[in-house]
Amino acid sequence: MTERREVSVPQLYASAADALADVLADGITIAVGGFGLSGNPHDLIEAVRDSGVRGLTIVSNNMGVDGKGLGLLLENRQVRKVIASYVGENKLFAQQYLDGELEVEFAPQGTLAERMRAGGAGIPAFYTATGVGTPVAEGKPHAEFEGRTYVRERGIVADLALVHAYTADRAGNLVYRRTSRNFNPLAATCGRVSVAETEILREDFVDPDLVITPGVFVDRLVVARERAKDIEKLTVRAR
C-alpha cells in the first residue's frame with residue numbers, strides 16, 4: 001500500500017506585517033526580488049521598514065531608487081551590507097557607502113543570479129570565468145579548467161526571501177508578469193523562509209504548465225495592496 005503524506009501549503013496572512021512579524025530580526029540576510037522598480041515586493045519592503053529591524057544584509061539586483069523600493073530601508077538606516085550587481089540609481093546608497101556606513105559586495109549580474117539559484121538548489125559553490133582579473137575576484141579561490149582560469153563563487157542562502165508575484169494559488173504556486181519575472185524566482189528559492197505577496201490570489205490551481213515558482217518553495221502568502229506602479233525612468237516620444 002502506498003503511504004499517504006500530507007502536503008503542506010503556505011499560510012495565508014492578512015497583511016505583510018503579519019506575515020513577517022515572527023521572522024524579522026536584527027542582522028538577518030534578506031533576498032529581495034525585483035529589477036529596478038519592476039517586480040518589487042513593496043508591501044513586504046514597507047513592513048520591514050516599519051518593523052525597525054537593523055543591521056540587515058540585503059541581497060538584490062539593485063537597491064531601488066531614492067525613496068522607493070529598497071531605497072526605503074536605506075533611508076531608515078536599516079541596512080548594514082548590500083550584495084548587488086547595480087546600484088547606480090540611488091544617490092543615498094552612494095553617500096552611505098562613501099561615508100563608510102554601508103558595506104557593499106558587488107557581483108556581476110549573471111553571477112549574482114547563479115549564486116542565488118545555486119543556494120536554492122543546495123549547491124554551496126561553483127566556478128565561473130566572469131570577473132576573473134577584476135576586483136570582484138580578489139581574495140577568492142581560483143582554479144584552471146581546460147586551460148582557462150575560473151573564480152569560485154559561493155551560493156547564497158538567505159534567512160528570508162521577499163517575492164512579488166502577479167498570480168498565486170493557495171498551494172503557493174507563483175506566476176510572474178513580464179519584467180517582474182527577473183530575480184523573483186531566484187529569491188523565492190534561496191530563502192530559508194520565503195514570503196510571497198501576490199496581486200491575484202486564485203481559488204483554483206494555476207495551470208501546471210504556467211507555474212514559474214512551485215509552491216514547495218513558498219512558505220507564506222499575502223495579497224498585495226493595490227497601488228500605482230512606479231516607473232524608474234519614464235521616457236516618452238514627443239507628439
Side-chain angles (χ1 to χ4, degrees), residues 9-13 15-16 19-20 30-48 58-65 68-73 83-86 89 107 109-121 155-158 160-234:
V9 296
Q11 185 172 348
L12 179 63
Y13 287 79
S15 69
L20 299 180
I30 306 178
V32 186
F35 191 85
L37 294 178
S38 176
N40 279 207
H42 290 289
D43 287 13
L44 293 168
I45 291 171
E46 290 172 4
V48 174
I58 301 295
V59 181
S60 183
N61 175 65
N62 61 82
M63 287 298 292
V65 301
K68 297 178 181 179
L70 288 167
L72 296 176
L73 303 186
I83 303 174
S85 62
Y86 177 69
E89 300 298 328
Q109 191 168 86
T111 299
L112 179 63
E114 181 61 12
R115 289 181 66 188
M116 296 170 74
R117 190 204 69 82
I156 292 174
V157 178
L160 176 65
L162 307 181
V163 175
H164 179 89
Y166 179 63
T167 304
D169 60 29
R170 291 183 179 271
N173 299 306
L174 306 181
V175 180
Y176 309 95
R177 187 171 185 268
R178 297 178 179 160
T179 310
S180 65
R181 179 180 176 173
N182 39 60
F183 279 80
N184 274 301
L186 301 166
T189 64
C190 76
R192 292 188 175 93
V193 176
S194 291
V195 184
E197 64 175 54
T198 181
E199 295 180 39
I200 299 170
L201 180 62
R202 297 175 51 148
E203 292 301 327
D204 59 345
F205 290 105
V206 173
D207 183 334
D209 287 336
L210 301 180
V211 171
I212 299 172
T213 296
V216 69
F217 291 109
V218 179
D219 299 293
R220 302 179 180 195
L221 276 173
V222 62
V223 177
R225 295 185 292 110
E226 290 189 16
R227 65 172 73 216
K229 295 185 179 180
D230 293 310
I231 298 174
E232 207 167 341
K233 290 185 178 180
L234 180 62

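The figures here come from the full heavy-atom set of this structure, side chains too, leaving out hydrogens, waters and symmetry mates.
K229 contributes atom NZ, which lies 6.0 Å from atom CZ of R177 (distance to the nearest 0.5 angstrom). Taking CD1 of I200 as the start and CG of D169 as the end, the distance is 12.5 Å to the nearest 0.5 Å. Atom CD1 of I83 and atom CD1 of I30 lie 12.0 Å apart (nearest 0.5 Å). A distance of 15.5 Å separates CZ of R181 from OH of Y166, quoted to the nearest 0.5 Å. A distance of 10.0 Å separates CD in E199 from CG in D43, rounded to the nearest 0.5 Å. With values rounded to the nearest 0.5 angstrom, T213 atom OG1 is found 8.5 Å from L186 atom CG.
Proximity of a side-chain donor or acceptor of T179 to a complementary backbone N or O of S38 within less than 3.5 Å is not detected. Proximity of a side-chain donor or acceptor of S85 to a complementary backbone N or O of N61 within less than 3.5 Å is detected. Here the side chain of T167 pairs no donor or acceptor atom with the backbone of V175 at under 3.5 angstrom. Without hydrogens or angle criteria, E197 side chain to A16 main chain gives no donor-acceptor distance under 3.5 Å. Between the side chain of N40 and the backbone N or O of H42 there is no donor-acceptor pair closer than 3.5 Å. Without hydrogens or angle criteria, N184 side chain to H164 main chain gives a donor-acceptor distance under 3.5 Å. Distance alone, capped at 3.5 Å, places no donor-acceptor pair between the D219 side chain and the V195 backbone. Put simply, the side chain of S194 gets close to the backbone of A188: a donor and an acceptor are under 3.5 Å apart.
The side-chain heavy atoms of V48 and L73, taken from C-beta on, include a pair separated by under 4.5 Å. Contact check for L174 versus V218: side-chain heavy atoms found under the 4.5 Å cut-off. Side-chain contact between F183 and Q109 is present, with heavy atoms from C-beta onward closer than 4.5 Å. Taking 4.5 Å as the limit, some side-chain heavy atom of I156 sits within range of a side-chain heavy atom of L112. At least one side-chain heavy atom of L201 sits less than 4.5 Å from a side-chain heavy atom of R170. In this structure, R117 and T189 have side chains that are not in contact, with every pair of non-hydrogen atoms separated by 4.5 Å or more. Side-chain contact check for V163 versus Y176: some heavy-atom pair is nearer than 4.5 Å. With a 4.5 Å cut-off on side-chain heavy atoms, D230 and V65 do not count as touching.
Other residues, nucleotides and ligands place more than 12 heavy atoms under 6.0 Å from the CZ atom of R227. Counting heavy-atom neighbours within 6.0 Å of R220 CZ, excluding the residue itself, gives a total above 12.
The heavy-atom pair separating I212 from P214 by the smallest distance is O-CD, 3.6 Å. Taking every heavy atom of both residues into account, Y13 and Q11 meet most closely at OH-OE1, 3.2 Å. Residues P41 and G33 share a closest heavy-atom pair of CD-O, 3.3 Å.
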